Amino acid sequence: MAFRKDFLWGGATAANQCEGAWDRDGKGVSCADICTGGSRISPKRITPVLEEGTFYPSHEAIRHYDRFREDIALFAEMGFKCYRFSIAWTRIFPNGDEAEPNEAGLRHYEEVIDECRKYGIEPLITISHYEVPFGLTKKCNAWASREMIGYYLNFCRAIFTRYKGKVRYWLTFNEINSLTAPMGAFLNAGLLKDLTNPTVFTQQADDPQERFQALHHMFVASALAVKLAHEIDPEYRVGNMMLYSASYPLTCEPKDVIRNQQYNQEMNYYCTDVQARGIYPSYAPRIWREKGITVEMEPGDEEILRQGTVDFITFSYYMSSCQSADSAKMGAGNLLGGTANPYLKASDWGWQIDPEGLRYSLNELYDRYQKPLMVVENGLGARDTLEEDGSIHDEYRIDYLRRHIREMALAVEDGVDLMGYTPWGCIDLVSASTGEYEKRYGFIYVRRYDDGTGDFARLKKDSFYWYQRVIATNGEEL
Ligand code: BGP
């Protein structure tokens, strides 16, 4: 058997993409709450001032805030061993800088955690998943400012203390490395230049100096959070979370190989090298030099980074792309740059499907860090058809997941220490990049549509029964 006996099979969500109830029980406004709906062709917008009549998908999402008991019961029916979710920072500290946490927010997540435990489901909690308090963007341009470290640690202290003994696994920042690309600036770090006018999400004004400085603050915060967690409960295990963007040289021409190596250093390893090894990598000064930036550090930061390395490594994996030294050949690839791989097919949203790339990625990461790994996001965003009898035949999704699980099993046979697998959007939710419902990932269909119609009913897709079998056989029957 490839997977270990205590393998953490499960699924993943994020608060702003599923909860709704965006202003209830004392919750403050997060950066996600001011993002409008959108689609692949019509990008979502960031509106610092909410517009009357505009659709904001996070405001209702799939109403998981009110229906989490029903949803967790369905996860339990599939046999989940683990549920990865995030805590909305603004439910605990509405503006981000309060002295005391909001009791109603703390109580809500306590109920969610208790509900998981009732079924023997291990919570895996992302502390910050693309929803910085907007109050902190207004106050200090969020992670551009060093003040954020203190606010983040207050948040960590409140939840680490409250959930002691009930939670074991924490992740400090979702896809922290998305901030090495301009697209991550607002959602990941709350960086926003224009606080008056709307900004198109895909056209954020880029400031690499600010992005890389923000990353340094997040590294220090992550390291201090690891230390704090271990002090509060020595049983706590804290991981990083990165977006692994598998990348290959477009050709074997040495120039392409070097270009690809540099892409990997900047996109895939810059953050995890710091979070897992506790030291900036040797290539970091080259990246700063090429961008013409300086990263300000305070005395003592290096020591903090060294002492706060993560216990395990987690990542999302959806696709891969290629790099070419010839700029004319670049640009037609996936979301995060690069160019398309001629050997691979893409999803309807243009993400190139590459199961073998997952085996490759697992081997690369384990060989580099020798820390336990977990795939905490993976899946196919697709359009589903709801049949008249309420069934949903999503064979394409089963095929995608089956092929990826097969490659995970091969990676385990290669020698990789793999803790678990939580496919993304185990229940349909709002897409992060495009802000729409139409791009569905779930084993559970949610009857809610982009035109604002739908009754939020939950329906089991064919993949629901398939995944139930996969878990029951610990990945033997695919
Ligand atoms: C990751 C994010 C998730 C998520 C997923 C799928 O980048 O961590 O929040 O949504 O990607 O992306 P999308 O929703 O854009 O299809």
Side-chain angles (χ1 to χ4, degrees), residues 11-19 30-33 35-44 57-58 61-62 64 83-89 124-132 171-189 201-202 239-246 267-268 271 314-321 334-337 346-353 358 361 374-384 396-397 400-401 404 421-443 446 448 450:
T13 65
N16 76 85
Q17 292 170 261
C18 69
E19 285 182 354
S30 81
C31 285
D33 295 329
C35 289
T36 71
S39 70
R40 190 182 170 193
I41 19 187
S42 163
K44 62 185 196 178
S58 77
I62 58 156
H64 184 62
Y83 174 35
R84 173 180 174 232
F85 60 93
S86 70
I87 292 185
W89 188 340
L124 166 63
I125 301 184
T126 317
I127 299 168
S128 178
H129 191 134
Y130 290 170
E131 48 187 314
V132 176
L171 306 177
T172 53
F173 291 100
N174 182 62
E175 293 189 336
I176 187 167
N177 60 320
S178 67
L179 198 49
T180 61
M183 200 94 103
F186 180 65
L187 271 193
N188 194 334
F201 187 70
T202 47
N240 72 328
M241 195 304 199
M242 67 172 305
L243 179 175
Y244 197 88
S245 172
M267 165 56 69
N268 285 321
C271 298
T314 81
F315 64 102
S316 62
Y317 179 86
Y318 293 93
M319 57 187 154
S320 66
S321 62
N334 284 321
L335 196 63
L336 293 157
S347 76
D348 289 348
W349 273 262
W351 293 15
Q352 283 204 290
I353 302 169
L358 178 54
S361 306
M374 184 156 170
V375 181
V376 295
E377 285 187 32
N378 173 237
L380 180 70
R383 289 185 186 88
D384 289 334
Y396 38 90
R397 179 168 297 108
Y400 176 101
L401 295 167
H404 283 78
Y421 179 61
T422 53
W424 175 250
C426 44
I427 180 165
D428 289 348
L429 36 63
V430 176
S431 155
S433 57
T434 54
E436 65 196 317
Y437 288 97
E438 198 182 4
K439 190 182 188 190
R440 294 171 183 271
Y441 286 87
F443 302 111
V446 177
R448 170 68 170 172
D450 290 304

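As the structure is a computational prediction, the values presented were derived from the model and not from experiment. Every number for a ligand or one of its atoms is a count from 1 in the order of the listing.
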N/O separation below 3.5 Å, [X] to ligand 1:
X	result
Trp351	no
Thr434	no
Glu175	yes
Ala432	yes

Under 4.0 Å, heavy atoms only, figure out whether ligand 1 is touched by the backbone of Asn174, its side chain, both or neither. side chain
Heavy-atom distances under 4.0 Å are what count here, so tell me which part of Trp349 touches ligand 1: side chain, backbone, both or neither. neither
Find all atoms of ligand 1 within a distance of less than 4.0 Å from any non-hydrogen atom belonging to [X], and give their numbers and elements.
X	answer
Ser431	13 (P), 14 (O), 15 (O), 16 (O)
Tyr318	5 (C), 6 (C), 11 (O)
Lys439	13 (P), 15 (O), 16 (O)

Just by distance, no angles: are the side chains of [X] and [Y] close enough, under 3.5 Å, to form a donor-acceptor pair?
X	Y	result
Glu175	Tyr130	yes
Asn177	Tyr244	no
Ser178	Asn188	yes
Thr13	Tyr83	yes

Does the plane of the ring in Tyr317 sit parallel, tilted or perpendicular to the ring in His404? Use 30° and 60° as the thresholds. tilted
Parallel, tilted or perpendicular for Tyr441 and Trp351, by the 30°/60° rule? tilted
Can Arg84 and Glu377 be counted as an ion pair, charged N to O under 4.0 angstrom? yes
Is the closest heavy atom of Tyr441 to ligand 1 under 4.0 Å? yes
4.0 Å heavy-atom contact, Met241 with ligand 1: no
Look at the side chain of Ser86 and the backbone N and O of Ala15, then say whether any donor-acceptor pair between them is shorter than 3.5 Å. yes
